Structure formats: C-alpha cells, structure tokens
Asker: 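Pasting in a structure now, in structure tokens, and then I'll have a few things to ask.
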Amino acid sequence: MNDKSIREAMALLKLNASRDIILEKFDNETFELAKARIKGKEKHPKADKLFMLLDDLRWATPYEVAEYRAKRLSCNKIADLGCGVGFQSFSFAKHCKSVVAVDIDRRKIEFAKLNAEALGIKNIEFIEGDILSKKVADKLKDADAFFCDPERLPSETARTIKTMRPDIEKLLKLYPKICIEFPPMIKNIPFECEKEYLSLNGELNRLNLYFSELRKCRASAVVLPQGAVIRASVVRNIIAEEQKAPKIMDFFYEVDPAVEKAELTAELLLTMKNAYVYEQDNDIYLTSGKLLKNDFVKAYKVLEVVEDDFDKILEALQRQKAGKVVLRMTVSPKDYWTERNKYERSLLGDKEVHLFVFDRAVIAEKL
Ligand SMILES: C[S@@+](CC[C@H](N)C(=O)[O-])C[C@H]1O[C@@H](n2cnc3c(N)ncnc32)[C@H](O)[C@@H]1O
C-alpha cells in the first residue's frame, strides 16, 4: 500500500479513466483505496489522506457528527469500542485528553493507525481485540466514558437490536457509562436512556443513546452543522388544543426530522412564541402570522391557499407568477417529473414555489 500510488490512481479517476486502464498500472487494493478517498470527501475534510475501503466509509461517522459527539462526551479518557478505521476516534482525540480505540478487525485497526499517523494524531492507543472479552474490558477500566457504534447487517431492511454487533445487552453490562449509536429508524428502544436524534443538513442522520451518568434528559434533538440542541424538559409531548392551528397562516414551517423523531414538538413550541401546530396525516408542521427564526424549522411564506383541484391550483400558480413548482406531496419518484411538468408547462413566471397538498393546496415560497 503506497500513498503515492493511491494519489496517482485518484488523479486518473478524476480524469474519468476506466477501471481497466487504472488496473493496468495499479493493483486492485490501490484502486479501491483511491475510490474511497474520492468519495470520502463527503464524510471527512481530510479524506484524501486516509486509508479506507468504500465499505468502511459507508459505516464511518460523518465529520460534523463525530465532532458534535466528541464535544458532548469530552473527558479525560474515552474508549471508542469498535472504532473501525477511526473517524469517530479522531474527533475524540481532539476533544479528550486520550483515547483508546478498539476493533476486532485487524485490517481496520491497521488502517485506523495509518489514518491517525496521516492526521498527525498522537493521543490514541489502538487495541485489536473483542470488546466483550475480559482481556479488553480489563484494559479499559480507567476510562471515564465509553462510546460504541455497533456493526449492523448491510442487507437487513428493518433495523433490529438483535442483529447488531457487539451484543447490546452484554455491552451495557460491561460498560454502563456509555453512549451507543443506534440506527435512527429503529422502532422500540427498550432501554432507560436519553435518545438524542441528530439531523445533518435537514436529513435525519443519527441516533445516540446515552446511559447512566451520560444521560441528561428523556430525549433531545440536534441540528447539524448549526449545532442547535433542544432537550426535553416537559414529561410528555402533548400539544394543547390552543396550540393547534385551525388554518394555515401567513408563514408555514417544516419541522426538522430530529425534533419529530425525538417527540419534542411541544418543547420546540416553548421556544417559538406565536407558532401553532398544523398536523396533517401524521406529519407535523407549524404555522404563524409572524416570521419566526429557529434552527429547527424551515420557513416558507404562504402565497395562496386554494382548493385541492388541478385547475384551481394552476390558476393560483399563474397568479403568483410561478415558473418552477417543487412538489411537496407524496408522489412516487418515477412519476415526479411527469406530475411536475403538468403544472410547469403552462407557467411563464420565474418564481420557484413549493406546492404542499393537504386537504387544501398551499403554494409557498421558501425563505
Ligand atoms: C459501524 S463500525 C464503526 C465505525 C466507526 N465509528 C467510524 O466512525 O469509522 C463498527 C465496528 O465495530 C467492530 N466490532 C463489532 N463487534 C466488535 C467486537 N465484539 N469487538 C470489537 N469490535 C467490534 C467492527 O469490526 C466495526 O469496525
């Protein structure tokens, strides 16, 4: 494995050279490492120096998430249990005095060591071993906090606790003061812990479970890269009748998916005076007569609300001088452009509007 060869293979990939041409010059491992470095930019700002395969990258923690988590778990000595090629460990190394990074997979530990060297990180001790073994647990006794991002089966359609590796029950017994990353779509979390949902660039990205002293509340929601946090202070997420909007007002807000998953809408309302809940088909929106700024919502200005009827919607779009219509109702991806073109071919304006269809159609402009 030669860094110079990987760089040369990357240069050829960037020139769109075919696989066969690259493999005439370099071995398959170099080709795979070069591909991962190019794709890795999405997850780490210095991915072009790192050693990983595409599969390692798939499971690696994105930089913004790793940084947020490391700041929250900042302590003297942290143990990263199942560190993979090290993306999360590198952020721990920045925010904790020292890190012990463990993985059962020899190749990953070797890559993680090379990566730490490439990044100039010196405060990580790497251990190859099984985190559920007594031998490893004994070595980690003096850590102040533990973190684990378990392995999941790539093929499974619904995420379950049983298929995660290492075994979660055993992990909790050995390391009670732990934060565990869980798939955010998992249903039923049968543990007494804080559930922290994170969104990255508006999309639900991660779920962190904090146990014992690491737990701060029932649930929390975090939006990244902004870093804004809401923590549950109210016991239940109940929306009072007077907080429900009878109709859509001048401004309309999409709620960040992390808030919805963490069931923190009632908490969000505490921070948004004059906002009301508009619930449609289990989706929660907010509406207000005022323009409100908040990291947990995307704001729209309502231009018109009309009956859900094609001709009436088209007339309203023409009145609003719309040219592009972003469809915000459920449309299958294969029909999306056919449906969108039905409106756009009769429009001459230059404004981009968003069309939400509930029991009424809402034409709105993103702010
Ligand atoms: C999802 S990956 C971790 C990715 C990592 N957080 C990152 O940011 O790159 C899970 C890792 O857990 C490791 N693993 C699974 N069971 C383990 C065990 N019993 N002991 C040590 N490592 C284990 C796997 O080898 C794998 O590298």
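Being a predicted model, the structure only gives us computed values, none of them experimental. Each ligand, and each atom within it, is numbered from 1 in the order the structure gives.
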Asker: Does a donor on one side chain and an acceptor on the other come within less than 3.5 Å for Ser98 and Asn123?
Answerer: no
Asker: Looking just at side-chain N and O atoms, do Ser199 and Asp256 make a donor-acceptor pair shorter than 3.5 Å?
Answerer: yes
Asker: Please list, by chain and number, the protein residues whose heavy atoms come under 4.0 Å of ligand 1.
Answerer: Trp59, Ala60, Thr61, Gly82, Cys83, Gly84, Gly86, Phe87, Gln88, Asp103, Ile104, Asp105, Lys108, Gly129, Asp130, Ile131, Asp149, Pro150, Glu151, Arg152, Arg165, Pro166
Asker: Going by atom types alone, do Glu260 and Thr265 pair a side-chain donor with an acceptor below 3.5 Å?
Answerer: no
Asker: Answer with yes or no whether the side chains of Glu254 and Tyr300 bring together a donor and an acceptor at under 3.5 Å.
Answerer: yes
Asker: For Tyr68, what residues pass the ring-ring contact (aromatic ring centres under 6.0 Å, His included) criterion, not counting sequence neighbours?
Answerer: none
Asker: Mind checking whether Phe296 and Tyr253 have ring centres under 6.0 Å apart?
Answerer: no
